[in-house]
Structure formats: C-alpha cells, structure tokens
S.K.: 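Take a look at this one; I'll ask things after.
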Amino acid sequence: MSSIPLSQQASARPRASADPAYLDGLNPEQRKAVETTEGPVLVLAGAGTGKTRVLTTRLAHILATGKAWPSQILAVTFTNKAAREMKHRVGSIIGEAVEGLPWLGTFHSISAQILRRHAELVGLKQSFTILDTDDQLRLIKQILEAENIDAKRWTPRYFASLVDGWKNRAMTPDRIPEEDKWKFADGKAGDLYKLYQERLSVLNACDFGDLLLHCITVFQENADVLADFHRKFRYVLVDEYQDTNVAQYLWLRLLARGSNNLCCVGDDDQSIYGWRGAEVDNILRFETDFPGAAVIRLERNYRSTGNILAAASGLITANKARLGKTLWTEDDPGEKVQVSGLWDGEAEARFVADEIESHVRKGGKHDDIAVLVRASWQMRAFEDRFIMLGLPYKVIGGPRFFERAEIRDALAYLRLVRSEADDLAFERVINTPKRGIGDTSVQKIALTARSAQVSMAEAARLMTQTDEIRGKARTGLIAFLKDLDRWREQAEAMRHDELAEVILDDSGYTAMWREDKSPQAAGRLDNLKELVRSMGEFDTLESFLEHIALVTDADRMEDGDEISIMTLHAAKGLEFPLVFLPGWEETVFPSQRSMDEGGTAALEEERRLAYVGITRARERAVITFTANRMIFGRWQNVIPSRFVDELPPDNCEAKSETGYYDAGPGFEGVSEPSDPFRSSYESPGWKRFQASKAAGRRADPGVIDGKAQLIESGDASSVGGQSKWKPGDRVFHQKFGYGVVKVTDGAKLTVAFDKAGVKKVVASFVGEAP
DNA sequence: TGGGGGCACCTTTTT
DNA sequence: GGTGCCCCCA
C-alpha cells in the first residue's frame, strides 16, 4: 500500500475546475449522495440510476478528502462479486492505494472475519469451521435420529429452514416464540434447536446464520469489543439495504451506533429476498430508526430505453406495498418490449437461440445477452439448445462447484487431516471409496464416540484395540487410520495443494472415479483437478476453506464472449443490452410454490422479481411464455403469467409468430415454427403440436389414444375396498408409457407396460383407499 | 456388506 | 428427469 496520504494523491492531480475529477458528470442528486458524508443517509436508488457509481464515488470521496483511512470504512455488499467490483472501481478512481479496504465484503464474510478474532466469546475456537447446507442437514438428521423423531414426517430440511428463519430474526434458542416450538415434532422445536447449537459447539462449527448471530451476541455481551469497533469504523456503507433481514439490521445498528455515519442504499421495488427473511420494512423505517436522516432519491435512469423502463414501471404499479417513485430517462424509447407465445419449452429455447443467432449476425456479441429464468430447472432447455447450435454460454448459479459430491468428498479428507475432531468429515469419507466399513460399523463408532465423549476418529482408534469390529471392516479401518496419520505428518512439509493430490491418490479416491464407467465420471475427475488448481491460489488451507465456504458460483463469473444463463435472483445488480425472460407462465412465474407459502406478499415479491428482470435490459427485452410445460416429468397446460397482462400495451409488442397459443388479444392464431431448417420437427412438442392441430384442439396435455386412462405411481388401486382397475384396463403412465393391467391383488396392482415394443412388468402400484 | 430394483417425492429463489 | 430411500438377495 502506498504511504502517500490519499488526500494528497487526489489533490496532486491537476484539475481545471475546483472539483475533483471523480465528481464529474454526476447529477445533482447523485452528487448530494456522494457529498453528504456525515450523519445517517438513505439513498433510494431506482434501477439503473447509477447506484454503484454513487457508492463507489462516495467511498472514494471519503478517502480522497482524508476523512478516513481505508481500514476505517465498513462497506457491506450482498455478494462477493459486488464487493470485488466496488474495490476495483474505487481503486480506479483513487489510484492503487485501496487494496487495503479490509472491511469491504458481504455481511457473512465480514462477520466471519470478526468472529475469527472473537470466537472464544461465543464458545468457539478460532479455527471453527463453517458448515454448508449439506453438512448442516446431515447433522440435523443425526440429531433427529438420536431423538427418535420420524424424519419422514418431520424432514431435516424443514427443520433447517426453521433454524434459518430464527437466525434471520436473530433468535437464539432461548428467545424463540412459544408458538414456533410447535412447528416441529410436536413442540420439541425449541429443544432440538438447543441441541443443534450444542452439537455445533462441540464440533467447533457454525452454520451460515451463526456467523451473524454470534457476532451480534459478541457485540451485545462485550461492550469493550463493540467499543473497539466503534472507534474503528468511522463510516459505514450498505448496499442493497432493501434485502437486509432483522439480524443484519441489528448487526448494522450495533456497529453504526459509534460514528452514526451510516449510508444505506437500496430500492424497495427490488426487494426479492423476503423468503430469506429480508424486511422491506427496514428501508421504509429508516428515518424513524435513524433520526435526522437525510433521504436522497435517485430517479433518473441511465440504463434502459424508454420502452423498457415504461414496461417495468407499468408492471410494478400493480404492487400495493411500495414507497412509490417515478423513474425517468432521456433516452429514446427504443424498441418495444417483445412478448412471444411459444408451443412448449423446447420451442421457446429454439426461439431464443434463433433470436440470439440473428443478434450475433447483426454484429452483436454473445456477452451482450442474458437469459434470466425463475428457477434453475428452466436452464436446461436453453443449455441443450445452445450446445446443439454451438453457442457459447455460461451458467451462473445452478449446481455449484463446491457443492458437488466429489469436491465435498475431497474437502472432507482435507478437513479431517487438518482436524481429527471433524466428525462430519470423518463420516463422509470413512467408506468412500469403499473400505468395507458399512453402516453398522459406522454406527458402532458413533456410539462409542458419544459415550466416551471423544471424536469419531478417536473412538475408531480405540476400537481397533478391541474386537468390537472384525473382518473386512477392521482391516479397512486400521488402514484408513494409518493413512490419516501419514497424511497429517506429510501436511507439515507439503504445500496444501500437493497434499490434496497425495491424499486423493493414496486414498484411492481418484482411482474410484477412474474405474467408474458412468458418463459423469470424467467430469468429476476434471473437477478434482480444478479443485487442486484453485487451491494453489491460496496461501494456506485455512484461507482456502474460508473462501469456499463464503463464495458462491455467481462470484466466480468469468469474462469471455458468452451468453449468460442465470436465475433472476442472481441477475440482481447486473445489466445487459439484450435480455430474454422466458417462462412467464402462471405457476412457473409467479411461482405457485411461493404463492402457496406467502400469499399476496409473495405475489408482490414475484412481481418485483419481474421488475428486476426487465430492468436488467439496456436496449431490448424479450419475454416469452408457452402453452405446454414439462414440470416434474409431466406435461402440463399452462397459461400466460398475469404479469404478461399487466404489462402496459403501448410499450410492448405481442409477437406470436412462432408456436401457438390462443390467449386473448394479441396471442390468437396458430402458426408454425419460424425456421424449419434449424428446428427439430421430431421433438415431442412438435409431434403433439401436429396431432393437436389435426384434432382441432387448442392445447394438448399429451393425451393418449382415447381409450387408455392416465395412471400415476402410487395411484389408489382400491377405492372403498373396490379396485379402481380391473385386469385388461388400458392405461398410460407418464414414465412407462402404455400398458395393460394384469393383476389387481388387494392393495397391489400389477401392470404390464409396453415400452419400446417389449412387454415387461416394470411396476406394481401400491395405494391406499382414501 | 453392498448392489440392484422399484418406487416416492421432488425443486423456487442464496449468503 | 433425477435423487434418495427402502427392501430383497448374493
């Protein structure tokens, strides 16, 4: 870091006007947001109003005017990518001197930093591990098993979501509301939560929510520690304030109380994390929470064309709960937002790919383009199509690199070598690859460990001295423990990426995948190589593990001329010249599931998501919907999203030239796919389209030959003691195809399915009378 | 102990 | 279409 004070660096630059260069080109509101540095400030920044610019300039301004050193600024973003971006942009304004903005990061990464220093205050060791969702679920499963709770009726997943909810609201086990205790296992929720926290403590681990919650505890119970941070942080900045939850709010309030120089930037119309406990209320309440707060509104949009902005604004007015603002732009109206109806998902992907090809033909680039979906399962169709046409793309989000089984296995080995007490890691790799140590043996080890109050590895060591475990399991166990010892010795002398390679080879893990003949095996081996490579970028194993615990795939976004496929959530904060918004159908978007859970509030959040989607576009937005959608392997008729109807007609153009749907004005008529030379007419969707057209039907769910009845797995075979089916009945099953009922035997039903021309009994259905 | 067949349930969205 | 669980057999 340069030793020249930043103020001098900035003022040393020759300037024509009295203002520093970084203030050039800011509009009056933006400038006010930059220069109002003292006291609480709320910046209500609509989409595309230069929010990031304001934030970075403000940071630069504070540094350049010598109000604070980089280490005295706490700046919180929602993603690591946003943090990096901000660091980079501040750097380019100010010179290189900002490498050391040590307190710029996400809520979670900053919390982890704080907690590493003060872990002992919440009963953890400095070396605590951060559990990911998978570890967390396995831990919960173990607890439920130990407590004899039926994991079928009360799923670990649901319990995890409850815990998450409590932690989002900053509730420790002793503070949860009485009624919440009855949300799980007949009133045992509170006790289980307590048990869970105790287990975490024993494992010297914490989950994601704990990072924040423990910090809050540290601040609340240790006035001296908090006072230290107050002295340290002269300025506090928060991005995406609309998405903060109660815990984050408390965390912020505790830290900002020192200087009172708190600046929050957000947009209530872009609050899309309600399901994660975000409270739009935080932003609506800001002036009450921080008396004397300056409120600055940024309403001039610099990003999108007039039509795009108008379409998004028109849509969002359907929401009741909002502060309300009027975004405006001086840009020309540009193209209207295009709305297209397609036959099915395949046609939709074909259509989008065709549009992309024509964009590129006209000189556009692939990385101008984003495909923004509601849920990750929708990505697949686009990937398939892009691969087929050789279009370069990247998926952001989706199954994450560090959550893949092979990566997690490899990491478990490393964790175990680093700390033998890591029971979760021990259980994960004890029999991967197979060492003949089955469930029974693992259970025995776990039992011994529990009663002797030692780690499982320790217990296993003890048990090799006795004859509790015999035969193959014993040999395997002894060899494994010996390996562990050796690796631990080697770890002293070796770089951690070398160590990883050694472990993966010695343990037989690499060999396991090399011998695996399944098509995914090669990819897994590649992933392991990539893991070892990326480990090399870190100085220590610790820093690497910390990194992967806190970083998501969205943060690993690389540059390159590629189309981006991502969820709407992941697209927050990004912009693209051309944006595709597929899947605008009821039940898909707005998501049925979210509406079932959250009612009107959820619907409004879905609408904000639509708003975020449209406003990502600079020049052109294309919305599509289909008539038939494959959901959970089953064809469904779907209708256009209500959001399609809510779009202001003047700014949109309905183009239903491809595919077919009859959904009112603008969408009537049947037509054929646009580009017969590129399209696969043998696709199921196309066949159904043809069949349906011939039959004069409007939309065909894939109904069968007129005689067969639809049968489902688990279909009730007897109703009121009387079988619903009789031998000889013709049936159709979505997975197995056509079939004939052979035997109805009480609760069991045997069907012979005729698949690929071969008669074969492939299933019997068991059902209960209603 | 481990593999294979047969099935149920499934999925939002992420730090 | 994919996964994870249960049950049965070698």
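Heavy-atom basis, side chains included; hydrogens, waters and symmetry copies ignored. Proteins come first, then strands; the chains are lettered A, B, ... in the order of their sequence lines, and each starts at number 1.
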S.K.: Taking 4.0 Å as the cut-off, does a side-chain nitrogen or oxygen of A:T79 come that near to OP1 or OP2 on B:dT15?
M.R.: no
S.K.: Looking at the side chain of A:Y273, which of B:dT15, B:dT14, B:dT13 is the nearest nucleotide?
M.R.: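 Selected nucleotide: B:dT14.
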S.K.: OP1 or OP2 of B:dT1 sitting under 4.0 Å from any side-chain N/O of A:T440?
M.R.: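 Yes, within the criterion.
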S.K.: Quick one: label A:T133 by what it contacts on the DNA or RNA (base, sugar-phosphate, nothing), any heavy atom closer than 4.0 Å.
M.R.: nothing
S.K.: Between A:D409 and A:R524 (salt bridge meaning N to carboxylate O under 4.0 Å), is one present in this structure?
M.R.: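 No, A:D409 and A:R524 are not salt-bridged.
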S.K.: Between atom CH2 in A:W275 and atom P in B:dT15, what is the gap in whole Å?
M.R.: 8 Å
S.K.: Could you check which of B:dG2, B:dT12, B:dT14 has an atom nearest any side-chain atom of A:K434?
M.R.: B:dG2
S.K.: Under 4.0 Å, heavy atoms only, any strand: does A:F107 hit a base, just the sugar-phosphate, or nothing?
M.R.: nothing
S.K.: Need to verify one output field. Residue with the more 5' nearest nucleotide on DNA chain B, A:S594 or A:T106?
M.R.: A:S594
S.K.: Students often get this wrong, so: under 4.0 angstrom with heavy atoms, is A:N431 touching a base, only sugar-phosphate, or nothing?
M.R.: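 Counting heavy atoms under 4.0 Å across all strands, the contact made by A:N431 is with sugar-phosphate only.
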S.K.: Assign A:S109 to base, sugar-phosphate, or nothing according to its heavy-atom contacts below 4.0 angstrom with the strands shown.
M.R.: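 Nothing, no heavy atom under 4.0 Å.
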S.K.: Has A:F78 got its ring stacked on B:dT15, by the test of a centre gap below 5.5 Å and a plane angle below 30°?
M.R.: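 Here A:F78 fails the 5.5 Å or the 30° condition.
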S.K.: Between B:dT13, B:dT15, B:dG2, which nucleotide has the shortest distance from any of its atoms to the side chain of A:F208?
M.R.: B:dT15
S.K.: Find the distance A:E586:CD to B:dT12:P and express it as a whole number of Å.
M.R.: 18 Å
S.K.: How many whole angstroms separate atom CG of A:L137 from atom C1' of B:dT14?
M.R.: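 Spelled out: CG on A:L137 to C1' on B:dT14 is 14 Å.
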S.K.: Between B:dT13 and C:dG4, how far is it from one P atom to the other, in whole Å?
M.R.: 16 Å
S.K.: Which nucleotide wins on minimum distance to the side chain of A:K141, given the candidates C:dC5, B:dT14, B:dT11?
M.R.: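 For A:K141, the side-chain atoms sit closest to C:dC5.
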S.K.: Are the charged groups of A:D135 and A:R138 less than 4.0 angstrom apart, N to O?
M.R.: yes
S.K.: Between C:dG2, B:dT15, B:dT14, spot the one nearest the side chain of A:R380, thanks.
M.R.: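 Of C:dG2, B:dT15, B:dT14, C:dG2 is nearest to the side chain of A:R380.
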S.K.: Without decimals, in angstroms, what is the distance between A:E346 CD and C:dG1 P?
M.R.: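 So the two atoms are 11 Å apart, to the nearest Å.
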S.K.: Is there a side-chain polar atom (N or O) of A:T567 under 4.0 Å from OP1 or OP2 of B:dT14?
M.R.: yes
S.K.: Can you measure A:N168 atom CG to B:dT15 atom C1' for me and round it to whole angstrom units?
M.R.: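 Checked: the CG to C1' distance equals 9 Å.
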S.K.: Under the side chain to side chain contact (heavy atoms under 4.5 Å, CB included) test, which residues partner A:Q270, sequence neighbours left out?
M.R.: A:A47, A:Q242, A:D267, A:Y611, A:V612, A:R616
S.K.: Please state how far atom NZ in A:K572 lies from atom P in B:dT14, giving the value in whole angstrom units.
M.R.: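 One finds 11 Å between P of B:dT14 and NZ of A:K572, rounded.
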S.K.: With a 3.5 Å cut-off and just heavy-atom distances, do the side chain of A:R593 and the base of B:dT11 make a donor-acceptor pair?
M.R.: no
S.K.: OP1 or OP2 of B:dT1 versus the side-chain N and O atoms of A:S441: is any pair under 4.0 Å?
M.R.: yes
S.K.: Just one of A:V373, A:L568, A:T624 clears the side-chain contact (heavy atoms from CB on, under 4.5 Å) bar with A:L581, so which one?
M.R.: A:L568
S.K.: Do NZ/NE/NH1/NH2 and the carboxylate oxygens of A:R629 and A:E348 come within less than 4.0 Å?
M.R.: yes
S.K.: Regarding A:K51 and A:D239, does a basic nitrogen lie under 4.0 Å from an acidic carboxylate oxygen?
M.R.: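 Yes, this pair counts.
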S.K.: Taking atom P of B:dT14 as reference, at what distance in whole Å does atom CD of A:Q136 sit?
M.R.: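 Computing the A:Q136:CD to B:dT14:P distance gives 17 Å.
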S.K.: Should A:E383 and A:R380 count as an ion pair when the cut-off is N to O under 4.0 Å?
M.R.: no
S.K.: Using the C1' atom as the point on both nucleotides, what is the distance between C:dC6 and B:dT11, in whole Å?
M.R.: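 B:dT11 and C:dC6 have their C1' atoms separated by 22 Å.
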S.K.: To the nearest angstrom, how far is A:Q248 atom CD from B:dT14 atom P?
M.R.: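 Distance, rounded to whole Å: 16 Å.
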S.K.: Between A:T77 and A:R435, which is nearer to the 5' end of DNA chain B once each is assigned its nearest nucleotide?
M.R.: A:R435
